[in-house]
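Structure first, then comments.
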Amino acid sequence: MQTLHVSLGERSYPIHIGSGLLSRPELLAASLKGRQVLVVSNSTVAPLYMDRLLSLLPDRLVAQCILPDGEQYKDLAHLDAVFTELLRNRFNRDCTLIALGGGVVGDMTGFAAAAYQRGVDFIQIPTTLLAQVDSSVGGKTGVNHPLGKNMIGAFKQPNAVLIDTDVLGTLPDRELRAGLAEVIKYGLIRDLPFLEWLEARMDDLLARKPEALAEAIRRSCENKAAVVAADELEVADLRALLNLGHTFGHAIETGMGYGEWLHGEAVATGMLMAADLSMRMGWLDTADVARVRRILVQAELPVAPPAISVDEFLGHMAVDKKVKDGQLRLVLLRGLGNAVVSPAPDGLLRETLAIGARLGLTA
Ligand code: NAD
Ligand code: GLY
């Protein structure tokens, strides 16, 4: 097992990464204060891993909340089920919520923990690659609104993150690939040596070689923890860099209807669109864009956006948390491994969107 730390003063917490962590009660016990525990999971993950998790909690008063599975249920209506379960069981302020699932369960559980009685503890046990490398770390929590992705939420750091790499054994291939998009993101925004490592080891990752996956998770979590420690609340345009491809990607997710494109797939295509726009702004050359495309194709991720019109794209992109004073700002690349937040000239943005909408990006 390896343990990383997210350094945030009194809100600091460990990220444990390794095989077999769901057989180690002491890791969980170290982060549980009270007796009352609500495990939130979904209808796919609970049958696979709930019993194992419950076996780690013999001396606690445990309730469960099983949500329906899907991004389309990541909304206020379904969040209410978590509050109902907490209240039905008369859980008080020293209860702990445990998220057992992917990013959807993690984001919803964290938001419920932020809001229940104005804040209770929570622990992340992420079960998708995407959640293990990104969403379980850093404390962004929330739900979608039909008019905007992740638009309602709170910052709420977990008390611990337990990453058992064994659970990836049951993850469908498409979900594994979606997680790789967020892994590749770290290489593109701030870690060129990691990008090179990914280019060399992508076949091993797709083949689920445990040593390669563990290394990718560790290096991703190191990057994420460093960025979160430097700019927890996304006020310094540092944490925003983690959103490479997300403004385009969120427009794809919202435009296509939640759940149609996986989040990681939309981010993958969005990262190539961001690279294309960076090239139009003179910040990348065509070989760089081709390299971005190549690693995404290597990871078997989509690189052609769906046929959403330019105006529809722009409409969805306007609902973005990086908009300042009405101006859209995007995460762009000033060279590979060096992301910046910047506005983009409207004409160039439209060119990227138009090429995407007509042809798919062919750089
Ligand atoms: P997800 O939670 O929908 O999980 C994907 C699918 O895999 C689901 O069907 C789930 O039931 C299933 N699954 C999960 N673990 C499994 C396992 N071990 N075996 C078999 N099936 C399993 O999707 P995701 O990709 O994990 O997360 C996407 C969500 O995360 C989006 O809502 C996105 O907005 C959010 N996100 C949040 C952050 C953040 O910082 N908070 C960062 C990135 C993404
Ligand atoms: N996934 C983006 C962030 O955590 O800031």
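Read the numbers this way: they start at 1 and go in the same order the structure lists the ligands and their atoms.
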- Query: Counting each atom of ligand 2 from 1 as listed, which ones have a heavy atom of R239 under 4.0 Å away?
  - Reply: 3 (C), 4 (O), 5 (O)
- Message: Please determine whether a side-chain nitrogen of the Lys or Arg among K140 and D107 lies less than 4.0 Å from a carboxylate oxygen of the Asp or Glu.
- Response: no
- Atoms of ligand 2 less than 4.0 Å from K224 heavy atoms? 1 (N), 3 (C), 4 (O)
- Item | Contacting atoms of ligand 2, where contact means under 4.0 angstrom from a heavy atom of D134 | 1 (N)
- Can you pull the ring-ring contact (aromatic ring centres under 6.0 Å, His included) pairs that have at least one residue in residues 56-87, sequence neighbours excluded? Y73-H78
- Steps toward side-chain contact (heavy atoms from CB on, under 4.5 Å) verdict (D191, E222): CA-CA 11 Å; D191 193 345; E222 271 173 4; over 6 Å; no
- Note on the structure: Distance filter under 4.0 Å, heavy atoms only, around ligand 1 gives N42, T44, V45, L48, Y49, D69, E71, K74, G102, G103, V104, D107, T127, T128, L130, D134, S135, K140, K149, N150, V167, T170, L171, P172, E175, E182, K224, H263
- Task: Would you please name every residue forming a side-chain contact (heavy atoms from CB on, under 4.5 Å) with V292, sequence neighbours left out?
- Result: L188, L272, A275, L296, L336
- Item | Residue pair N223 / K185, side-chain donor-acceptor N/O under 3.5 Å | no
- Query: Where do P302 and W261 come nearest, in terms of heavy atoms and distance?
  - Reply: CG-CZ3, 3.9 Å
- Among pairs that include at least one residue of residues 87-97, which meet salt bridge (charged side-chain N to carboxylate O under 4.0 Å, His left out), considering only residues two or more places apart or in two chains? E85-R88
